[in-house]
Structures are given as structure tokens and as C-alpha cells.
Amino acid sequence: MRSLRRVLSGVRWYVRELTDESAYDRYVAHLRREHPDARVPSRRDFERMRTDRQEADPRQGFRCC
């Protein structure tokens with residue numbers, strides 16, 4: 001049972017990294033570590049900032065739609 005749990009945990013980690021679902025978690029950890037007094041944006045605000053940054057700079061990522 002323990003090995004199954006470990007495998008499922010690994011699959012979950014892989015999917016979150018592949019889809020960049022963990023970007024918000026990394027950003028919050030960075031803010032708390034490097035800028036402890038900064039306001040932590042909501043998930044929605046973070047995604048909006050990220051989308052705006054990607055659309056402003058075409059080198060950030062390709063978006064077809």
C-alpha cells in the first residue's frame with residue numbers, strides 16, 4: 001500500500017509540473033522567502049498577471065488563441 005501511495009504521489013507531482021499547475025505554489029514560496037512583507041496575490045490575480053506577461057512578450061510562450 002505504501003508503494004502505491006508513493007507512485008500516485010509521483011504521478012501527481014509529474015502532472016502538476018507538466019501542466020505548470022505548481023507555478024502558483026512556487027511563486028508564493030518565493031514571495032514568502034525573498035519578500036516577506038509583500039502581499040501574496042490570489043490564485044486568480046496570479047494567473048491574470050501571468051497571462052498578461054505572456055501576451056506582452058511573445059518569447060514567454062506561444063498562445064494561438
Side-chain angles (χ1 to χ4, degrees):
M1 192 64 157
R2 185 175 286 172
S3 62
L4 176 62
R5 199 173 292 152
R6 211 164 76 205
V7 168
L8 291 176
S9 175
V11 169
R12 180 179 181 271
W13 173 86
Y14 181 76
V15 169
R16 284 177 45 85
E17 290 296 322
L18 185 67
T19 61
D20 212 19
E21 179 71 22
S22 60
Y24 178 71
D25 298 333
R26 286 192 308 269
Y27 182 71
V28 169
H30 165 77
L31 275 183
R32 289 186 175 151
R33 183 178 57 252
E34 302 294 328
H35 311 283
D37 296 334
R39 181 185 74 85
V40 175
S42 68
R43 177 71 180 236
R44 183 178 182 149
D45 291 340
F46 170 77
E47 293 297 339
R48 180 80 260 163
M49 289 184 325
R50 191 169 139 186
T51 302
D52 290 345
R53 186 176 62 241
Q54 286 175 344
E55 289 178 351
D57 185 2
R59 295 173 297 166
Q60 288 287 328
F62 178 76
R63 184 165 181 208
C64 68
C65 307

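Fair warning: this is a prediction, and the values are worked out from it, not measured in the lab.
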Acceptor/donor pairs from residues 1-17 side chains to any protein atom, 3.5 angstrom cut, sequence neighbours excluded:
{"residue": "Arg16", "atom": "NH2", "partner": "Asp25", "partner atom": "OD2", "Å": "2.3"}
{"residue": "Glu17", "atom": "OE1", "partner": "Arg26", "partner atom": "NH1", "Å": "3.3"}
{"residue": "Glu17", "atom": "OE2", "partner": "Ser22", "partner atom": "OG", "Å": "2.8"}

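In this view, Ala38 and Leu31, His35 satisfy the side-chain contact (heavy atoms from CB on, under 4.5 Å) rule, not counting sequence neighbours. Legend: residues meeting ring-ring contact (aromatic ring centres under 6.0 Å, His included) with Tyr27, ordered by chain and number and at least two apart, are Phe46.
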